[in-house]
Chemist: 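Handing you a structure now.
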Amino acid sequence: AQSVAQPEDQVNVAEGNPLTVKCTYSVSGNPYLFWYVQYPNRGLQFLLKYITGDNLVKGSYGFEAEFNKSQTSFHLKKPSALVSDSALYFCAVRDPMNSGGYQKVTFGTGTKLQVIP
Amino acid sequence: IAGITQAPTSQILAAGRRMTLRCTQDMRHNAMYWYRQDLGLGLRLIHYSNTAGTTGKGEVPDGYSVSRANTDDFPLTLASAVPSQTSVYFCASSLEPATDTQYFGPGTRLTVL
């Protein structure tokens with residue numbers, strides 16, 4: 001069974017400092033990995049995804065994530081945090097080895113990022 | 001503007017009542033999904049549809065039903081609402097079910113009393 005873990009419920013970072021939001025996963029094959037962001041009272045918005053290729057993936061709003069197969073991780077990073085980055089961040093995984101009619105995407109429980117001015 | 005719309009934005013419902021949450025997308029996406037979001041549990045898939053005319057059960061389908069009569073619409077029905085169905089409901093779509101990004105609607109906040 002596939003799973004994804006976001007070990008931190010909340011991450012606090014000062015504006016201008018680098019930020020990292022952690023994500024680890026478990027799948028039987030090579031994973032498809034996603035990051036989404038949710039602002040208050042809004043739906044989730046896509047940030048970036050890893051399907052194959054370069055382990056460093058660049059996405060929207062200056063975010064990037066690095067796929068690390070040996071550590072089964074896909075941490076979200078940004079070199080310099082903005083107050084406007086404060087939001088709820090979700091990691092998601094899909095196992096392409098899953099067969100059948102449903103290509104399940106499993107979401108993590110979310111990490112609240114608070115950027116302090 | 002292309003995207004996904006959901007209605008209503010919020011609703012308070014008496015237990016035992018029937019309720020349909022509406023979802024419409026204009027991106028001609030093949031796949032559509034219904035999730036519920038609960039604190040500490042993240043998003044859980046209720047039902048999905050890989051293409052018009054087909055539907056399937058997700059992780060938490062009990063008490064919910066869906067239909068996909070055409071590409072654009074994917075309504076979610078609670079036949080007889082219970083308090084445990086109090087949640088925020090998100091509809092999403094993707095061009096294809098597999099590797100594609102999912103696009104989410106703004107959500108419906110449902111309270112069942």
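In what follows, chains are A, B, ... by sequence order, proteins preceding strands, each numbered from 1.
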Chemist: Rounded to the nearest 0.5 Å, what separates atom CZ in A:Phe107 from atom OH in B:Tyr35?
Modeler: 4.0 Å
Chemist: Given the rule that I, L, V, M, F, W and Y join up when any side-chain heavy atoms are under 4.5 Å apart, are A:Phe90 and A:Leu33 in one cluster?
Modeler: no
Chemist: Quick check: do B:Leu43 and A:Gln38 have side-chain heavy atoms less than 4.5 Å from each other?
Modeler: no
Chemist: Distance from A:Ile51 atom CD1 to B:Thr101 atom OG1, nearest 0.5 Å?
Modeler: 7.5 Å
Chemist: Is chain A contacted by the side chain of B:Gln37, its backbone, both, or neither, given a heavy-atom distance below 4.5 Å?
Modeler: side chain
Chemist: With hydrophobic residues grouped by side-chain heavy-atom distances under 4.5 Å, do A:Leu48 and A:Leu19 end up in a single group?
Modeler: yes
Chemist: Do A:Tyr61 and A:Tyr50 share a hydrophobic cluster (ILVMFWY, side-chain heavy atoms under 4.5 Å, transitive)?
Modeler: yes
Chemist: Less than 4.5 Å to any heavy atom of chain B: does that hold for the side chain of A:Asp9, its backbone, both, or neither?
Modeler: neither
Chemist: Where on B:Arg44 is there a heavy atom nearer than 4.5 Å to chain A: the side chain, the backbone, both, or neither?
Modeler: neither
Chemist: Can you establish whether the number of heavy atoms outside B:Leu113 located under 6.0 Å from its atom CG is more than 12?
Modeler: yes
Chemist: Find out whether A:Asn41 and B:Arg109 are in side-chain contact, i.e. whether some heavy atom of one side chain is under 4.5 Å from a heavy atom of the other.
Modeler: yes
Chemist: A:Val21, A:Val57: one ILVMFWY side-chain cluster at the under-4.5 Å cut-off?
Modeler: yes
Chemist: Are A:Leu113 and A:Leu76 in one and the same hydrophobic cluster, where Ile, Leu, Val, Met, Phe, Trp and Tyr link if side-chain heavy atoms are under 4.5 Å apart?
Modeler: yes
